[in-house]
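Here is the structure we will look at, set down as structure tokens.
We count ligands from 1, going down the list as the structure has it; atoms in each ligand are counted the same way. What you are looking at is a predicted structure, and each value in this text was computed from that prediction instead of being measured.
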Amino acid sequence: MSRKVDWAKYVSDAQRISTQIQAVEISSNDQPNERKSDKDDDAPEEFIPAEASLLSKIIRKGLIESKNDIEVQRKDPKSPLYSVKSFEALNLNPNLLKGVYEMGFNAPSKIQETALPTLLADPPQNLIAQSQSGTGKTAAFVLAMLSRVDINKKHPQVLYLSPTYELAIQTGEVAAHLAKFCPEIEMKFAVRGEEVPRNTKLTEHIIIGMPGKVLDWAFKFRVFDLKKIDVFVLDEADVMIATQDHQDQCMKIHKNLSPSCQMMFFSATYDQEVMDFAEHIVKNPITIRLKREKEILDNIAQYYVRCQTHQDKYNALTNIYGTVGVGQAIIFCHTRKTASWLSEKMSKDGHAVAVLSGDLTVEQRINVLDRFRQGKEKVLITTNVLSRGIDVEQVTIVVNFDLPVDLKGKADCETYLHHIGRTGRFGKKGIAINLVDSDHAMEICKAIENHFDKKIRYLNSEDSKEIEKI
Ligand code: ADP
């Protein structure tokens, strides 16, 4: 007899945990991290991909749709490629389709149009999908995971790996919602706090977990057999490989899967390291990508301003903001020290300013962002913690108080794109201002200009007529 799973419990569990997320540090291992409050204020703020990614998931509401076309690559040109414009065309289990509508999804998102038929195809097809956060990847692979379950087989068949505890719980929540009308599908979280007695065998169809726990369960406790997994999902692979332990654990899990197991690989970015990892894990894949670079920069007017000192930069900033000052602004600083210096000065001058930096808890950051979204503060000053992923629609001007550089002091073009990428979204025009205070900074500015092949124009911050023109 099939054991009925209590979905209501999963949903409430997931909701409880996702509320807790807001009060704990995002944890990429089995224990919650401790806050690093003793960090040097003068040091460049560290960018933690897992944090940025989760924050963006929590704060974002709804789908980000892209006008861009999907770019598809196939190693084997004979493998079929389909695309659908409706969920009905997918021949989903009717109860799963009911779940899709229950979620309020009317039509597949851009990435889902191609990803879903590929993921559901027979024979199973391996997929690498890369698109920014918020484009519908999770909903796509969760639907595929649920569709692939054979409820008559009482053992884990689908294995999903997340780089963080919180993301695992969130994905479980999406799965529980989509499967609301398929109570016969059973699922098990393999995350900290979940225990299984040795010498038992899991009977659930789907495991949603983190690499460490999954390895323990597979090899130490032997509660399920990796060889019987038909579908392997690696989520946020770019975040996953940022941690060497995770990368090694994923490799070990991967090595023990059956060669016929379907591999699904998802990532928000696609630099060489991610691609190398993807190609190692996913044999003969269809790769689909949603490009965004061009779209963003097309709508952004980029400028640079020459300054000498911090005070100069401040004057330029307030001049420009004072003149352009409709809408909201985000200002990026390299260090917490600069961020707090700037916020103090701007507050004294009567601006409503919020500061977001790495010394805040996740809950505090969410509060700051929520207030900013609601327009309670017009200016958000931030360090690198917010360098990617979070979209605030009303932002018209982004200022790089310091130009983004990598650890070697070279131009960090990807971070630059993520900084200014938050203006000009949804087809609106945006302005990006770079404050250049040295010859080295000027070189970085030029390097960024060359990289994207888009002009960054000189702006005289004392010429209010010129500023008005922008
Ligand atoms: P990603 O995994 O790429 O970050 P998600 O799958 O989490 O994206 O989707 C982002 C948001 O859009 C979520 O709130 C999700 O519920 C919603 N969403 C996903 N697919 C659709 C769709 N086809 N129609 C409407 N909303 C969708």
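With 3.5 Å as the limit, one finds no donor-acceptor pair spanning the side chains of Asp245 and Thr243. A side-chain N or O of Asp248 and one of Gln244 form a donor-acceptor pair less than 3.5 Å apart. Asn400 and Tyr416 are not linked by any side-chain donor-acceptor pair at a separation below 3.5 angstrom, with hydrogens and angles left out of the test.
Contact check for Phe189 versus Lys213: no side-chain heavy atoms found under the 4.5 Å cut-off. Side-chain contact between Asp230 and Gln157 is present, with heavy atoms from C-beta onward closer than 4.5 Å. For the pair Leu342 and Cys333, the minimum side-chain heavy-atom distance is below 4.5 Å.
Proximity to Ser109 (heavy-atom distance under 4.0 Å) selects the following atoms of ligand 1: 23 (N). Each of the following atoms of ligand 1 lies closer than 4.0 Å to a heavy atom of Thr135: 1 (P), 3 (O), 8 (O). Listed by atom number, the atoms of ligand 1 under 4.0 Å from Ala107 heavy atoms are 22 (C), 23 (N), 24 (N).
Under 4.0 Å from ligand 1, the heavy atoms of Phe87 that appear belong solely to its side chain.
Here's the thing with Ser131: none of its N/O atoms is less than 3.5 angstrom from an N/O atom of ligand 1. Distances between N or O atoms of Phe105 and those of ligand 1 include no value under 3.5 Å. For ligand 1, the polar-atom distance check against Ala139 finds a nitrogen or oxygen pair separated by under 3.5 Å.
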